[in-house]
Amino acid sequence: MRNSVVVQTAPGVARWGKAASPWRGVSSEDWNDWRWQLRNLVRTPEQFAELLGLSEPETASLRDLQTRFRFAVAPYYFSLIDRDDPADPIRRQIVPSCAESLDDGPTDPLCEIDDRVAPGLTHRYPDRVLFVVTSFCSSYCRFCIRKRNWSHSDAASTKAEVEEAIRYLQVHEEVRDVLISGGDPLTLPLEQLDYVLERVRSVPHVEFVRIGSREPVMLPMRMTGELLRLLDRRGPLWINTHFNHPREITAEAAEACEKLARLGIPLGNQSVLLAGVNDDVAVMKELVHKLLRIRVRPYYLYHADPVVGTAHLRTTVWKGLEIMEALRGHTTGLAVPAFVVDAPGGGGKIPLAPNYLISAAPGRLVLRNFEGAIFSSPDGTGAPDDGLAKDLQDASLGTRAPSVADLASGNANCIVPQEQAHYRRRRSLAESRQRYPPLPIYPRGTE
């Protein structure tokens with residue numbers, strides 16, 4: 001396996017990656033061994049202080065914070081931090097901050113406990129359930145919605161707890177889809193993971209089994225041959241992973257996703273919109289493009305949930321809509337995730353998008369496209385419009401209307417922003433066709 005991707009500020013000077021990390025002298029054999037990574041997790045305030053040069057007051061605040069929440073970062077993921085940048089986007093996601101102590105938000109803002117029907121099993125949506133089978137992660141994200149689960153323990157579900165959940169599934173035939181999550185299920189010992197997958201697969205009416213895992217991001221060397229063979233044996237499976245920043249898409253992460261994709265496992269990505277991490281159009285566009293290049297489809301972009309200790313990482317909803325405005329139409333639809341807000345109190349995911357419906361009138365819709373051009377469109381309720389062909393021609397060439405009211409009444413067809421390159425190009429092509437009409441096509445043998 002290859003070493004982490006690094007970015008250089010000057011020839012030979014790396015800002016992050018193994019070569020710039022305190023573990024630069026570790027052998028490749030150890031570095032690429034997921035067991036070595038877990039044995040050497042960064043866990044204590046003193047370790048963070050030494051690695052990041054924290055002051056004594058900062059270290060003391062982490063000691064206090066550790067009485068409420070667990071810390072852990074795998075050396076591989078820690079090596080992606082630019083240790084000279086206190087605002088580094090990887091650091092903001094994973095390094096505990098005294099800012100967490102300033103926010104006394106809810107521990108379960110989505111009320112997963114209220115919908116818990118068996119140990120680890122949450123049934124909120126009509127045909128699908130969430131099955132949390134462990135609280136352990138190789139690295140603990142500071143924005144995690146389930147901080148409550150790993151605040152003092154990182155235990156996995158017992159067989160008795162798994163069996164109780166399976167009994168619920170067996171008598172609820174409406175459940176077609178099981179999302180296995182945690183913690184991180186791919187951190188489980190193979191025999192435990194195999195047991196969970198086998199028992200879920202034994203329920204006849206369960207059609208889809210999904211796994212939520214950040215191991216391809218945080219510990220890609222976990223994708224061993226033994227694990228891959230297990231996943232292949234218990235397939236078909238779907239995996240949603242969780243890249244938040246382009247820097248996380250290293251050579252190792254790309255290789256891990258490639259191994260999963262070669263098994264035929266569809267890969268999706270769920271990002272969380274985080275202040276100082278990815279709340280920037282250019283960063284998000286780079287992220288979704290890089291995801292597609294490693295065969296991972298952007299699936300969700302979550303507005304950060306108001307869980308305790310995360311106020312410093314949350315953005316406004318408007319920031320998410322701004323990013324969606326800059327993606328939809330400006331890049332391939334495959335790269336555009338659904339922007340969702342998880343409704344407080346367990347209301348579920350609610351998709352949000354920029355408003356493309358401007359106005360409406362009987363028989364007509366007034367719609368806006370990604371360029372800001374506004375169009376009058378039939379709403380499908382009336383008979384075919386005799387003037388539709390002219391409407392299409394006018395709209396194609398960007399024929400201007402005086403107002404939105406004219407579009408709603410059907411008296412005009414579109415309003416196009418001035419100097420719109422798209423329509424200038426169309427007009428130029430139309431003029432060229434008039435000057436140089438295409439040559440006639442004669443039947444074969446009549447030339």
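Since the model is a prediction, treat every value here as computed from it, not as a measurement.
The minimum heavy-atom distance linking Ser61 with Glu58 is given by the pair OG-O, 2.6 Å. Arg210 and Asn240 get closest at one heavy-atom pair: NH1-ND2, 4.1 Å. Here the closest heavy-atom approach between residue Met218 and residue Cys141 is recorded as CE-SG, 3.4 Å. Gly212 approaches Asp184 most closely through the heavy-atom pair O-OD1, 4.3 Å. Shown here for Met221 and Asp33, the closest heavy-atom pair between the two residues is CG-C, 4.2 Å.
Pairs engaging residues 293-308 under the side-chain hydrogen bond (donor to acceptor under 3.5 Å, both in side chains) rule: Glu258-Arg295 [sequence neighbours left out]. Each side-chain hydrogen bond (donor to acceptor under 3.5 Å, both in side chains) pair with one or both residues in residues 330-344, not counting sequence neighbours, appears once here: His289-Thr331. Applying the salt bridge (charged side-chain N to carboxylate O under 4.0 Å, His left out) test to residues at least two apart or on different chains, the pairs with a partner in residues 115-136 are Asp115-Arg124, Asp127-Arg176.
At a threshold of 4.5 Å between non-hydrogen side-chain atoms, the residues Leu313 and Arg92 count as touching. In this structure the side chain of Ser157 never reaches within 4.5 angstrom of the side chain of Val196, judged on heavy atoms. Considering only heavy atoms from C-beta on, Val162 stays 4.5 Å or farther from Lys159 through its side chain. In this structure, the side chains of Leu219 and Leu38 come closer than 4.5 Å at one or more pairs of heavy atoms.
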* To do: Mind running salt bridge (Lys or Arg N to Asp or Glu O under 4.0 Å) on Glu198 and Arg201 for me, showing each step along the way?
  => CA-CA 5 Å; Glu198 187 275 328; Arg201 277 272 172 230; over 6 Å; no

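The closest donor-acceptor contact from the side chain of Thr241 to the backbone of Ser213 lies under 3.5 Å. Checked by atom type and distance alone, the side chain of Arg91 never pairs as donor or acceptor with a backbone atom of Ile81 at under 3.5 Å. Checking side-chain atoms of Ser202 against main-chain N and O of Arg199 turns up a donor-acceptor pair under 3.5 Å. His205 places no side-chain N or O within 3.5 Å of a backbone atom of Glu207 that could act as its donor or acceptor partner.
For Phe339, there are no ring pair (Phe, Tyr, Trp, His ring centres under 6.0 Å) partners, not counting sequence neighbours. The side-chain contact (heavy atoms from CB on, under 4.5 Å) test applied to Asn40 returns Trp36, Pro75, not counting sequence neighbours. Every residue was checked against the ring pair (Phe, Tyr, Trp, His ring centres under 6.0 Å) condition with His245, not counting sequence neighbours, and none meets it. Legend: residues meeting side-chain hydrogen bond (donor to acceptor under 3.5 Å, both in side chains) with His312, ordered by chain and number and at least two apart, are absent. Residues forming a side-chain contact (heavy atoms from CB on, under 4.5 Å) with Ala343 (at least two apart in sequence, or on another chain): Ile350. Not counting sequence neighbours, the partners of Asp108 by the salt bridge (Lys or Arg N to Asp or Glu O under 4.0 Å) test are Arg148. Taking Thr158 as the reference, Ala160, Glu161 meet the side-chain contact (heavy atoms from CB on, under 4.5 Å) condition, with sequence neighbours excluded. For the side-chain contact (heavy atoms from CB on, under 4.5 Å) test, residues two or more places apart in sequence or in another chain that qualify with Ala165 are Ala118, Leu121, Phe131.
Inspection of the Ser271 and Asn269 side chains reveals an N or O donor paired with an N or O acceptor under 3.5 Å. No hydrogens or angles considered: a donor-acceptor pair under 3.5 Å links the side chains of Tyr77 and Glu248.
For the pair Arg222 and Trp34, the cation sits on the ring face: its NZ or CZ lies under 6.0 Å from the ring centre, inside 45° of the axis. Under the 6.0 Å distance and 45° angle rule, Lys18 does not count as a cation-pi partner of Trp23. The cationic atom of Arg247 (NZ for Lys, CZ for Arg) lies less than 6.0 Å from the six-membered ring centre of Trp16 and within 45° of the ring axis.
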Contacts table for residues 273-281: side-chain donor-acceptor under 3.5 angstrom, sequence neighbours left out:
unit_1: Asn278; atom_1: OD1; unit_2: Leu274; atom_2: N; d: 2.8
unit_1: Asn278; atom_1: ND2; unit_2: Asn244; atom_2: O; d: 3.0
unit_1: Asn278; atom_1: ND2; unit_2: Val272; atom_2: O; d: 2.9
unit_1: Asp279; atom_1: OD1; unit_2: Gly276; atom_2: N; d: 3.0
unit_1: Asp280; atom_1: OD2; unit_2: Ala282; atom_2: N; d: 3.0
unit_1: Asp280; atom_1: OD2; unit_2: Val283; atom_2: N; d: 3.0

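The aromatic rings of Tyr140 and Phe136 sit perpendicular, their planes meeting at an angle over 60°, well past the 30° parallel limit.
Around CD of Glu29, the count of heavy atoms belonging to other residues, nucleotides or ligands within 6.0 Å does not exceed 12. No more than 12 heavy atoms of other residues, nucleotides or ligands shown are found within 6.0 angstrom of CD on Glu50. Counted within 6.0 Å of CZ on Arg24, heavy atoms from surrounding residues, nucleotides or ligands total more than 12; the atom is thus considered enclosed.
In this structure, NZ in Lys290 is found 10.0 Å from OG1 in Thr250, a value given to the nearest 0.5 Å. Distance check, rounded to the nearest 0.5 Å: CD of Gln93 to SG of Cys144 gives 12.5 Å.
Under the 4.0 Å criterion applied to side-chain N and carboxylate O atoms, Lys147 and Glu100 are assigned as salt-bridge partners. Under 4.0 Å is where a charged nitrogen must lie from a carboxylate oxygen, and between Arg15 and Asp82 at least one such pair does. Note on Arg234 versus Asp194: salt bridge recorded, some NZ/NE/NH1/NH2 to OD/OE distance being below 4.0 Å.
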